[in-house]
Amino acid sequence: MLNNCTEKRKTMIDEKGMENEYCHSGEHIGPERIEKEIAYCIPTYNRPDIMEQVLGKFLPILQNKGMDIYIYDSSVNKETLNIVENFIQKGIKNLYYVRIDPGIEVDEKLIMLLSGYGLQYSYNYIWMVKDRCYVEEETLKVILEETKKGYDAIFLSSGYADRPDKEANSIVYLQREKFYADWGWLASSMNCTLFRVESLLAGMDWNEFRDRYFFDGVNLFEHFTVLFHGLAQKESVSVGVICGEVSKFGEINIGEDYWTRERFQVWGKLWMEINNAFPSCYDEYKADVIHRATNLSWLFGSHTQLVKFRKQGTLTEQDYEEMKDRWPLLSSVPKEEFKMIACGQLKECKEAILNRINSLLQEENYQELEKLYWFNSWIREEENSAEYIFFGLCLEIYKYEKEEMSQGNIFYHVWSYQAGIQKVRYISEMLVKLEYNIDQESWDGFKEFVMNNRVSEECLVFLINRCCAEKEQVIDKVADLLEGR
């Protein structure tokens, strides 16, 4: 299909905002063969409103930065073209429009982009970014500094890695396998990678690429596949990973995206196939990379997300049947609970979750307990969810105790979620009684309860702040009671 594209007439906007038609021949088409640093390429389709917001946010800071912006548009109308023209007419001289035939499939569109189709100049790096994302000026400064070091790829860690020290913004990987093991899961995001053209793109055999990495005619992860395939072909590699806050992206909220509709096919099958097709140098790490990506909470790692898919109608019993054998490779959600959700058995799934919460309390595995509870926030929205919501208060207290490095633990001698709820309710009720001098004969019993159950000072302060109006007075009363005054 790509070969046929060379004979299709395209439309492009030059620096003066004039519309030019040309026939792409695979050679440089610009007026001069000037070498620049970065081609910032945005593929888009029928989202002019999003493009207008994104370009408005970051175009002003991109002037004279050694970076050009290319909009690869395959929309069915000229709305995006008109927006780009408007920006050019306002004086944005490093913005270009590349028209892509709407009939060209997304994979071929991305291959065209990575092949340098439509670029006006030669560039050291090509950076493909989603049309809803943008970066801040400080991030661009750091990236341009990193391009001077000639890495095969520059990778933005999206804030998942801390800076190695105050002087350095990046860490360097010289082993492709280590880079894949640490960052393969995040490299699935289109925005993260700047490809050095000479190292990773110039010699790419795209027909061989399609034969190896297309499954049922699709790939959809060209940015990811090209990166690790390209690195595997080199004798030595260097990848600069940008760390800290400057490695993050801004994003325009667009609501439901493509992955919601095709999520189980794309991530549940295609993602695995592509990783498994990589050269053998990555074999040791493939299973972990696959699982780390698909087990993210917005994919398959959260019961709440799976319930959302079920209610949207994008998760069905048929999806379960198709995925059940490979589900443990994709998610930490037990297969039995995945089946319950897919079949609409939400009450049964809720009971299974509560039983697991009790088991984790008995094992004193509070870290996993926190994760399980918050990954099941869907239960808070179901009928008869008051107790589950209240148990969340126990976890808030536990978190506060950890932050304050308390010697106590709200879950001391708590072996079920019901017991945790009863404990917090009792303490809260007694604090209110202390505040209003009610039922004084019960105060000694409260003192004994606090001592026997090792109720921490932090727990008491937390609940006083939550339950009482005269907070300082209640703190004093509790101190007097516990000290026997």
Side-chain angles (χ1 to χ4, degrees), residues 159-160 185 251 253-257 259-261 263-264 267-268 291-316 319-320 323 327-328 330-403 409-411 414 416-425 428 459 462-463 466:
Y160 286 100
W185 65 278
E251 186 167 332
N253 183 15
I254 62 168
E256 181 182 344
D257 63 15
W259 299 129
T260 300
R261 298 187 298 275
R263 192 177 307 253
F264 290 97
W267 290 98
H291 188 270
R292 284 186 71 184
T294 54
N295 198 45
L296 293 169
S297 60
W298 67 273
L299 279 172
F300 305 148
S302 164
H303 292 74
T304 296
Q305 190 75 326
L306 294 173
V307 170
K308 176 183 176 182
F309 299 152
R310 169 65 193 185
K311 292 182 176 180
Q312 289 176 337
T314 56
L315 170 59
T316 65
D319 293 315
Y320 167 76
M323 295 183 63
W327 183 253
L330 301 171
S331 174
S332 59
V333 174
K335 184 165 68 172
E336 296 77 12
E337 292 167 17
F338 174 49
K339 180 180 181 180
M340 292 175 191
I341 295 171
C343 296
Q345 299 169 346
L346 299 187
K347 289 183 179 179
E348 291 82 351
C349 186
K350 175 182 175 181
E351 286 303 312
I353 298 303
L354 295 177
N355 289 335
R356 283 215 284 146
I357 286 175
N358 289 342
S359 296
L360 291 169
L361 284 167
Q362 292 160 20
E363 297 167 9
E364 300 183 10
N365 189 347
Y366 305 125
Q367 184 176 355
E368 286 300 313
L369 173 64
E370 283 186 289
K371 288 166 56 177
L372 180 62
Y373 180 86
W374 294 114
F375 281 169
N376 281 279
S377 59
W378 66 275
I379 297 178
R380 299 166 68 93
E381 301 171 8
E382 299 295 301
E383 294 182 3
N384 304 315
S385 61
E387 285 194 346
Y388 193 83
I389 293 172
F390 199 93
F391 184 72
L393 187 59
C394 301
L395 289 167
E396 290 181 42
I397 295 169
Y398 174 70
K399 180 181 178 182
Y400 180 68
E401 288 175 327
K402 285 198 301 182
E403 290 172 350
N409 183 341
I410 185 63
F411 293 122
V414 171
S416 69
Y417 79 94
Q418 295 97 332
I421 292 169
Q422 292 169 5
K423 184 175 185 178
V424 171
R425 278 182 174 159
S428 301
C459 173
F462 182 96
L463 289 174
R466 188 179 182 91

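Because the structure is predicted, anything quoted here is derived from the model rather than measured. The figures that follow rest on heavy atoms only: side chains count, while hydrogens, waters and symmetry mates do not.
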Note to self: One thing to verify: whether Glu336 and Lys339 come together as a salt bridge, which I'm taking to mean a side-chain N less than 4.0 angstrom from a carboxylate O.
What the structure shows: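 Salt bridge flag = no for Glu336 with Lys339.
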Notebook entry, point to check: Would you call Glu382 and Lys311 a salt bridge, taking side-chain N to carboxylate O under 4.0 Å as the test?
Noted result: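 So Glu382 pairs with Lys311 through a salt bridge.
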Could you tell me whether the side chain of [Y] reaches within less than 4.5 Å of the side chain of [X], counting heavy atoms only?
| X | Y | value |
| --- | --- | --- |
| Trp267 | Leu296 | no |
| Arg356 | Ile353 | yes |
| Ser297 | Gln305 | no |
| Tyr388 | Leu354 | yes |
| Leu315 | Phe338 | yes |
| Phe462 | Lys399 | no |

If every non-hydrogen atom of [X] is compared with every non-hydrogen atom of [Y], which pair is closest and at what distance?
| X | Y | answer |
| --- | --- | --- |
| Ile421 | Cys394 | N-SG, 4.1 Å |
| Glu337 | Ala352 | OE2-CB, 4.0 Å |
| Val414 | Gly420 | CG1-N, 3.5 Å |
| Ser416 | Asn358 | CA-OD1, 3.3 Å |
| Arg380 | Ile389 | O-CD1, 3.7 Å |

When rounded to the nearest 0.5 angstrom, what is the spacing between [atom1] in [X] and [atom2] in [Y]?
| X | Y | atom1 | atom2 | answer |
| --- | --- | --- | --- | --- |
| Leu369 | Gln367 | CG | CD | 10.5 Å |
| Lys423 | Leu393 | NZ | CG | 12.5 Å |
| Ile379 | Glu351 | CD1 | CD | 9.0 Å |
| Tyr320 | Arg310 | OH | CZ | 14.0 Å |
| Tyr366 | Leu372 | OH | CG | 15.0 Å |
| Thr294 | Trp327 | OG1 | CH2 | 8.0 Å |

Check: Is atom NZ of Lys347 surrounded by more than 12 heavy atoms (other residues, nucleotides or ligands) closer than 6.0 Å?
Finding: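 Counting other residues, nucleotides and ligands, NZ of Lys347 stays at 12 neighbours or fewer.
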Note to self: Between Asn376 and Trp378, is there a side-chain donor-acceptor contact under 3.5 Å, judged purely by atom types and distance?
What the structure shows: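 Yes, side-chain donor-acceptor contact under 3.5 Å.
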Next item on the list: Name the orientation class of the two ring planes belonging to Tyr398 and Phe411 (parallel below 30°, tilted from 30 to 60°, perpendicular beyond 60°).
Entry: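 Taking Phe411 first and then Tyr398, their aromatic rings sit tilted (interplane angle of 30° to 60°).
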Check: Between Phe391 and Tyr417, how do the two ring planes meet: parallel, tilted or perpendicular, split at 30° and 60°?
Finding: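 Aromatic pair Phe391/Tyr417 classed perpendicular.
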Next item on the list: Validate the cation-pi geometry between Arg425 and Phe390: distance from NZ or CZ to the six-membered ring centre under 6.0 Å, angle to the ring axis within 45°.
Entry: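 Judged by the rule (NZ or CZ under 6.0 Å from the ring centre, within 45° of its axis), Arg425 counts as positioned above Phe390.
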Check: Got a donor-acceptor contact below 3.5 angstrom from the Ser302 side chain to the Trp298 backbone?
Finding: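 Not at all, since once roles are kept as given, no pair shorter than 3.5 Å links the two residues.
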